[in-house]
Amino acid sequence: GVEHLVVPCVAICEGVLHGALVPASEFGTFPEAWTGRPVPVLHPEEHGQPISANRPDVIERNTIGSIFNTRVIDGKLKMDLWLNTQKAARLGFGNLLANLEAGQCLEVSTGYFADDDPRAGEFNGVGYQVIHRNIRPDHLALLPGEIGACSVADGCGTRVNSKKGSFAMKVNEAW
């Protein structure tokens, strides 16, 4: 009974992010683990430190949706973001959803926990100091006005829905 805007998204591409190699073999082992994870606007923080988005207070104050239909295709973690239109409006993010519905791209950023494997190397000409292993998803942050580590220019972010020829669709159309 609650309207959602369904937005296709590429959350992460295999590559080097913030000096760490993020292999598809690691984020692609259990892509379904992203299902149901929260979609906050910006990464949640407390006293300037990153925190989990899976806390009731974070979910209440800036989470506007959830992740579904996660899959890995060609080294990319793809998913559908189900964004609650009523909650987004109530929290002051109505314009953000209007922009998505109008076809604007939006930067995103994965929030996850990982084990650092301290191995330096190079991937596609980019150096790294560690490899992220055993990736455990926490959230996917929407980044209005910011650039993600895996940016739209890198192939990440919200994407055009090829079926509709527009950027997003309402839940009834998604089914």
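Worth knowing before you read on, the calculation uses all heavy atoms, side chains too, and leaves out hydrogens, waters and symmetry mates. Worth saying up front: this structure is predicted, and the values here are computed from it rather than measured. Sequence positions, counted from 1, serve as the residue numbers for this chain.
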### Summary
When every non-hydrogen atom of T85 is compared with those of H4, the smallest separation belongs to CG2-C, 4.2 Å
### Message
Would you compute the distance between atom CD of E14 and atom CG of D74 and round it to the nearest 0.5 angstrom?
### Response
11.0 Å
### Message
On a heavy-atom basis, which atom in E60 and which in K87 lie closest, and how many Å separate them?
### Response
O-CE, 3.8 Å
### Message
Applying disulfide (SG to SG under 2.5 Å) as the test, list every pair that has at least one member in residues 120-159; sequence neighbours left out.
### Response
C150-C156
### Summary
Scanning both residues in full, the closest heavy-atom pair of H18 with A149 reads NE2-CB, 3.2 Å
#### Entry: R71, CZ: over 12 other non-hydrogen atoms inside 6.0 angstrom
yes
### Query
In terms of hydrophobic clustering (I, L, V, M, F, W, Y; side-chain heavy atoms under 4.5 Å; direct or indirect links), are V10 and V39 co-clustered?
no
### Task
Starting at NZ of K78, measure out to SG of C13 and round the result to the nearest 0.5 Å.
8.5 Å
### Message
Do V7 and L97 sit in one hydrophobic cluster, given that two such residues count as connected whenever their side-chain heavy atoms are within less than 4.5 Å of each other, even indirectly?
### Response
yes
### Reported CG-to-OG1 distance for the pair D80 and T158, which is rounded to 0.5 angstrom
12.0 Å
### Query
Should the pair K76-D154 be classified as a salt bridge under the 4.0 Å nitrogen-to-oxygen rule?
no
### Message
Within this structure, what is the CD1-CH2 distance for the pair I67 and W82, rounded to the nearest 0.5 Å?
### Response
13.5 Å
### Query
If you look at every heavy atom in P38 and A53, which pair is closest and at what distance?
CG-O, 3.6 Å
#### Entry: More than 12 heavy atoms from other groups under 6.0 Å of CG on N95
no
### Query
Does the pair L96 and I64 meet the rule for a side chain to side chain contact (heavy atoms under 4.5 Å, CB included), with working shown?
CA-CA 11 Å; L96 176 69; I64 62 170; 4.2 Å; yes
### Query
Is Q129 close to D116 at the side-chain level, that is, under 4.5 Å between some pair of heavy atoms?
no
### Query
Can you name the closest pair of heavy atoms from I135 and A114 and give their distance?
CG1-CB, 4.1 Å
#### Entry: Which residues share a side chain to side chain donor-acceptor pair (under 3.5 Å) with S109, sequence neighbours left out
H43
### Query
Quick one: CZ on R37 to CG on N54, what's the gap to the nearest 0.5 Å?
5.0 Å
### Task
Start with the C-alpha gap between V16 and E122, add the side-chain angles, then the distance that decides, and say whether side chain to side chain contact (heavy atoms under 4.5 Å, CB included) holds.
CA-CA 9 Å; V16 178; E122 190 175 291; over 6 Å; no
### Query
Any link between V72 and M79 through a network of hydrophobic side chains (Ile, Leu, Val, Met, Phe, Trp, Tyr) touching at under 4.5 Å?
yes
### Query
Checking side chain to side chain contact (heavy atoms under 4.5 Å, CB included) against L143, which of V41, L106, L42, V108 comes through?
L42
### Query
Ignoring hydrogens and geometry, is there a side-chain-to-backbone donor-acceptor pair from N84 to Q86 under 3.5 Å?
yes
### Query
Taking E107 for the side chain and V152 for the main chain, is one N or O donor matched with an acceptor at less than 3.5 Å?
yes
### Query
Excluding sequence neighbours, so at least two apart, what forms side chain to side chain donor-acceptor pair (under 3.5 Å) with D57?
R55, R61
### Remaining members of hydrophobic cluster (4.5 Å side-chain criterion), I73
none
### Sub-4.5 Å side-chain heavy-atom contact between L142 and L81
yes
### Task
Determine whether W34 and T110 make a side-chain contact, defined as any pair of heavy atoms from C-beta on separated by less than 4.5 Å.
yes
### Message
Please give me the minimum heavy-atom distance between L91 and T63, naming the atom from each residue.
### Response
CD1-O, 4.1 Å
### Message
Under the ring-ring contact (aromatic ring centres under 6.0 Å, His included) definition, can you give me all pairs with a residue in residues 99-134, not counting sequence neighbours?
### Response
Y112-H132
Result block: side-chain N/O donor-acceptor pairs under 3.5 angstrom for residues 20-31, not counting sequence neighbours:
unit_1 : atom_1 : unit_2 : atom_2 : d
E26    : OE1    : N134   : N      : 2.8
E26    : OE2    : R133   : NH1    : 3.4
T29    : OG1    : S25    : O      : 2.6

